[in-house]
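One structure is given below, encoded as structure tokens.
This chain uses plain numbering: 1 for the first residue, then up along the sequence. From a predicted model like this one, the values you see are computed outputs, not experimental measurements.
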Amino acid sequence: MPFLKSFFRAVLHSYAMLFFSQHRGFAAVLLAVSFGRPVVGAAGLASTCLAVAGARLGGFNREWTDSGAYSFNALLTGLALASFFAPGWGLAGLVVVGAGLALLLSVALGGWLGGRGLPFLSLPFVGTVWLLLLGAGPLLHLSPAEGGTYWLNEAYALGGPRLVTAAQWVGEWPWPPLLATYLHALSAVLFQDSALAGLLVAAGLLWHSRIAFALSVLGFLGAYGLLLLTGPAGSGPLDYNLGANYVVAAMAVGGVFVIPSAASYGWALLSVPVTVVALAGFTAVLDRLGLPALSLPYCATALLFLYVLLLRERPGAGLVLTPIQRYSPERNLYAYATARVRLAHQGAVALTLPFRGAWTCTQGYLSGGPTHLGDWGQALDFAITDADGRTYHGSGLSLSDYYAYNKPVLAPADGVVEEVIQHIEDNAIGEVNTRQNWGNTVVLRHAPGLFTQLSHLRAHSVPVKVGDYVRRGDIIGTCGSSGRSPEPHLHFQVQATPYVGSRTVAYPLAYFVAEAGQKVSNVVESVSNASDGASNVMGSASNASDGASNTLESIAVLPEMPQLRHFAVPTAGEVVRPPAFNRTLSQALRLPPGYALAVRDAAAPAAPAQRWEVFTDAYNLAYLRCQRTGAVLYFAGDESVFYCTAFYGDESSWLYLLYQAAYRVPLVSLPGQVVHDEFPLTVVRSPVLTWAQDVLAPFYRFLRPTFWAEELPATAGHWPGGPVRLRSRVVVAGFGRAREVQASELLFTEGRLAELRVRRDTGSLTLTCTVAGA
């Protein structure tokens, strides 16, 4: 039954969450290990089932419930209670109460700490066990559980003398002392005391994540070495403290809540002495109350380290808080490394070219002059040129001879008019107005700390006034030659303050088509405006746009053919124009919530179709969900590009084929255009290579999965709304060699995806798609 399957998955995820995982194979290992002490394992499983059922009946967040986030504290509570008290009806009642209390505290602390950007970790477990030890334990007169070798009584009751003999043989195996301590520390997280149990946990941890395993070893060795010098901290069991406090803290701050890197490994090592101090301090206070510290030191250390990172004014590149938790250090790292380049513009205001048609960028960012220098170097000048690179026709002695003169200037984005100057007369050709440097100017506010300035407009051509709200593409004036302008052209800059002549800010344009142009024969703005501009600056430039400036693409070689540029900056000499969007692709990949496709294998058209439907999550992010497999494909985009951002679920799903085939699709048809992008390393299928790269990933990457796509020439140039066929490939490069992972063809027609053909090592598949009914 679907209900039982999803319920059991939530239970399994609760076990995996003990090590910040959603790996169900690892979870099954942990579940089995917990039954090394049968009563302890049964209490933990019962408590977990109760918490999952309570979360569902209580109507709490389903995503958190299914991930085990609301129930792993109940699991720890059940394991701990059965470790502290002897079996009986009193313990059973205590487990039921503990499961409910741990669930309530998880929900409450999740809301309180989650609103501050912090995880609640195992604080609900600590609080629940303390309350029950202080209140219910004495009230019910429960007997303490047998410790040490007496757990063999449970083995005898479960499997007789043979099981006891086997357990003694494993326990007496001559493990190296350091390895034995490490394995006992891992088993203690599940309230076990067995090297074999720890070996199984270590193997499962390595299966789940090579980075998490490495951090567990790093945290253990750091703590072990420090404790050899200082002596044990606190009065709790050494193995438990090593595992549940030092090791788990190192994993949390080194690779789970922080993107793994060389700096994060150092951060993890730094957590060890802090945890030692926290453990010693908490134990000194709690011993007076008769309470164990449990995993409180780990929680305190992790929350301290994470909160400190949250308070940084300028986050560094080495210690980056995980933006989206994927419950795998490798997935977190690979997704972040990829998204840092291809999705860095998310949240940025989309600025577009402030004109129609093709214009030449006559000066780019810090292009060596003649005028864009120093604090005013991140600015652009545009003029219209002909095939010979000239900016005028005829004699060029009259303003009207210049192609750019009196052409409309457009708002680059929605915003509010902050400043208007339009009384300055245009200069005669070759003359400049050094007194009124910027000439006629409009300044627009698009967001707090984000303004654009458009200067050298024609006198009395501005139809807007201060305070007006304008839409992107609205006419805000016409191109002129006022101010320090020897001939008609447009000056465009982004700035952090609303004053005319403010210091410039590097900021990309959302999209434009670029091609190499002729060298411009005229020198624009031959007299520097930097000196006069400096006097107009009031205040310092804000860093509000720093995130967007990281997306700037440095183009060393001008494209020989027109290319769609996405969140980039024009360079001097390029001819740029707004793109003409492909109607078929734009309609097919505009996927609103509720839109659904019925997908069939072309080789078996009579077989039931898979349903792919569009939903949005709590963060208003759109995704496609396969009804049959439960796989999820997140996607995003704008007017110019569609791209897939993440995939979760069974990679044998057909939806995964679409993820790799349509990873990035430009919505503009350009002859010869080839689109490149970088995949996360999760597409690599070789376990040996993947594991080797996982170990080295925080320090060095030797594998490069790449994506490229192009529109087939046979369909390019068809009538608007006609069919479009794209070809794409996924290639993994490394050690000087490249291997094709997937080759695909996508057919779009009638405003939808109609066909997907895929070729892989395992064979070929053709899928047909039709719009599904409600």
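- By the 4.5 Å heavy-atom criterion applied to side chains, Gln422 and Leu457 are not counted as neighbours.
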Would you sort out whether Leu410 and Leu353 count as a side chain to side chain contact (heavy atoms under 4.5 Å, CB included), showing the intermediate values?
-> CA-CA 8 Å; Leu410 314 178; Leu353 292 172; over 6 Å; no
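- Using a 4.5 Å heavy-atom cutoff, the side chains of Trp708 and Thr706 are not in contact.
- A 4.5 Å side-chain heavy-atom check between His446 and Pro412 finds at least one atom pair inside the cut-off.
- In this structure, the separation between CZ on Phe707 and OH on Tyr659 is 10.5 Å, given to the nearest 0.5 Å.
- The backbone N or O of Gly430 sits nowhere less than 3.5 Å from a side-chain atom of Asn427 that would complete a donor-acceptor pair.
- The CZ atom of Arg727 sits 4.5 Å away from the CG atom of Leu712 when rounded to the nearest 0.5 Å.
- For the ring-ring contact (aromatic ring centres under 6.0 Å, His included) test, no residue two or more places apart in sequence or in another chain qualifies with Tyr595.
- Between Phe451 and Gln493, the closest side-chain pair of non-hydrogen atoms is not below 4.5 Å.
- What you find for Val320 and Tyr336 is that their closest heavy atoms are CG2-OH, 3.5 Å.
- The shortest distance between side-chain heavy atoms of Pro323 and Ile259 falls below 4.5 Å.
- Note on residues 440-460: pairs passing salt bridge (Lys or Arg N to Asp or Glu O under 4.0 Å), not counting sequence neighbours, are Glu418-Arg445.
- Heavy atoms only, all atoms of each residue included: Phe581 and Ser586 are closest at CB-OG, 3.9 Å.
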Would you check, one step at a time, whether the test side chain to side chain contact (heavy atoms under 4.5 Å, CB included) holds for Leu310 with Arg312?
-> CA-CA 6 Å; Leu310 277 174; Arg312 292 176 300 173; over 6 Å; no
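- Distance CG/Leu585 to CZ/Arg590: 12.0 Å, rounded to 0.5 Å.
- Ring pair Tyr392/Tyr402 is tilted by interplanar angle, where 30° to 60° counts as tilted.
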Begin from the C-alpha positions of Thr362 and Thr360 and carry the test side chain to side chain donor-acceptor pair (under 3.5 Å) through to its verdict.
-> CA-CA 6 Å; Thr362 55; Thr360 298; over 6 Å; no
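- Asp677 is linked by a side-chain hydrogen bond (donor to acceptor under 3.5 Å, both in side chains) to Arg342, Arg664, counting only residues two or more places apart in sequence or in another chain.
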Would you please test Val494 and Gln378 for side chain to side chain contact (heavy atoms under 4.5 Å, CB included) and show each step?
-> CA-CA 8 Å; Val494 181; Gln378 315 296 326; over 6 Å; no
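- Between Phe382 and Phe492, the ring planes are tilted. Angles from 30° to 60° get that label.
- Phe512 approaches Pro579 most closely through the heavy-atom pair CA-CD, 4.1 Å.
- Ring geometry for His456 versus His489: interplanar angle of 30 to 60°, hence tilted.
- A centroid separation of less than 6.0 Å is found between the aromatic rings of His393 and Tyr403.
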Pair Asn582-Ser669, side chain to side chain donor-acceptor pair (under 3.5 Å): steps then yes or no | CA-CA 6 Å; Asn582 184 292; Ser669 292; 2.6 Å; yes
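- The main-chain N or O of Val576 is never found under 3.5 Å from a side-chain atom of Glu574 such that the two would form a donor-acceptor pair.
- In this structure, the side chains of Arg704 and Glu678 come closer than 4.5 Å at one or more pairs of heavy atoms.
- Using modelled atom types, no side-chain atom of Thr504 and backbone atom of Ala379 make a donor-acceptor pair closer than 3.5 Å.
- When all heavy atoms of Asp381 and His491 are compared, the closest pair comes out as OD1-ND1, 3.1 Å.
- A search for ring-ring contact (aromatic ring centres under 6.0 Å, His included) contacts involving Tyr469 returns nothing, not counting sequence neighbours.
- Checking side-chain atoms of Gln673 against main-chain N and O of Leu564 turns up a donor-acceptor pair under 3.5 Å.
- Between the side chain of Arg583 and the backbone N or O of Gln587 there is no donor-acceptor pair closer than 3.5 Å.
- Under the 3.5 Å distance criterion, the side-chain polar atoms of Glu711 are left unmatched by any main-chain donor or acceptor of Pro666.
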Could you walk me through whether Thr478 and Asn406 pass the side chain to side chain donor-acceptor pair (under 3.5 Å) check?
-> CA-CA 5 Å; Thr478 62; Asn406 209 30; 3.2 Å; yes
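- Summarising the geometry of Leu399 relative to Ser481, their closest heavy-atom pair is CD2-CB, 3.9 Å, with the distance given to 0.1 Å.
- Going from atom CG of Leu490 over to atom CG of Leu380 covers 9.5 Å, rounded to the nearest 0.5 Å.
- Counting only distance, with no hydrogens or angles, the side chain of Trp359 and the backbone of Pro354 share no donor-acceptor pair below 3.5 Å.
- The side-chain hydrogen bond (donor to acceptor under 3.5 Å, both in side chains) test with Asn440 singles out one residue from Ser482, Ser485, Ser461, and that residue is Ser482.
- Judged by distance alone, with hydrogens and angles left aside, the side-chain atoms of Arg757 form no donor-acceptor pair with the main-chain N or O of Leu746 at under 3.5 Å.
- Applying the salt bridge (Lys or Arg N to Asp or Glu O under 4.0 Å) test to every pair with at least one member in residues 463-482, sequence neighbours left out, gives these pairs: Asp414-Arg471, Lys465-Asp468, Arg472-Glu639.
- When every heavy atom of Pro593 is checked against every heavy atom of Thr616, the shortest pair comes out as CG-CG2, 3.8 Å.
- Note that OG1 of Thr452 and CG of Leu454 are 5.0 Å apart. Values are rounded to the nearest 0.5 Å.
- Not a single side-chain hydrogen bond (donor to acceptor under 3.5 Å, both in side chains) links Tyr623 to another residue, sequence neighbours left out.
- No donor-acceptor pair under 3.5 Å is formed between the side chain of Thr584 and the backbone N or O of Gly751.
- If you run ring pair (Phe, Tyr, Trp, His ring centres under 6.0 Å) between Tyr663 and each of Phe647, Phe642, Phe635, Phe679, only Phe679 comes through.
- Salt bridge absent: Arg625 and Glu613 never bring a charged side-chain N and a carboxylate O closer than 4.0 Å.
- You'll find the side chain of Val416 stays beyond 4.5 Å of the side chain of Leu444, heavy atoms only.
- Side-chain N or O atoms of Gln660 include none that pairs as donor or acceptor with a backbone N or O of Leu657 at under 3.5 Å.
- Atoms OH and OG1, from Tyr643 and Thr645 in turn, are 8.0 Å apart once rounded to the nearest 0.5 Å.
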Run the side chain to side chain donor-acceptor pair (under 3.5 Å) check on Ser455 and Gln453 step by step: do they pass?
-> CA-CA 6 Å; Ser455 297; Gln453 175 181 313; 2.9 Å; yes
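- The side-chain heavy atoms of Tyr648 and Leu633, taken from C-beta on, include no pair separated by under 4.5 Å.
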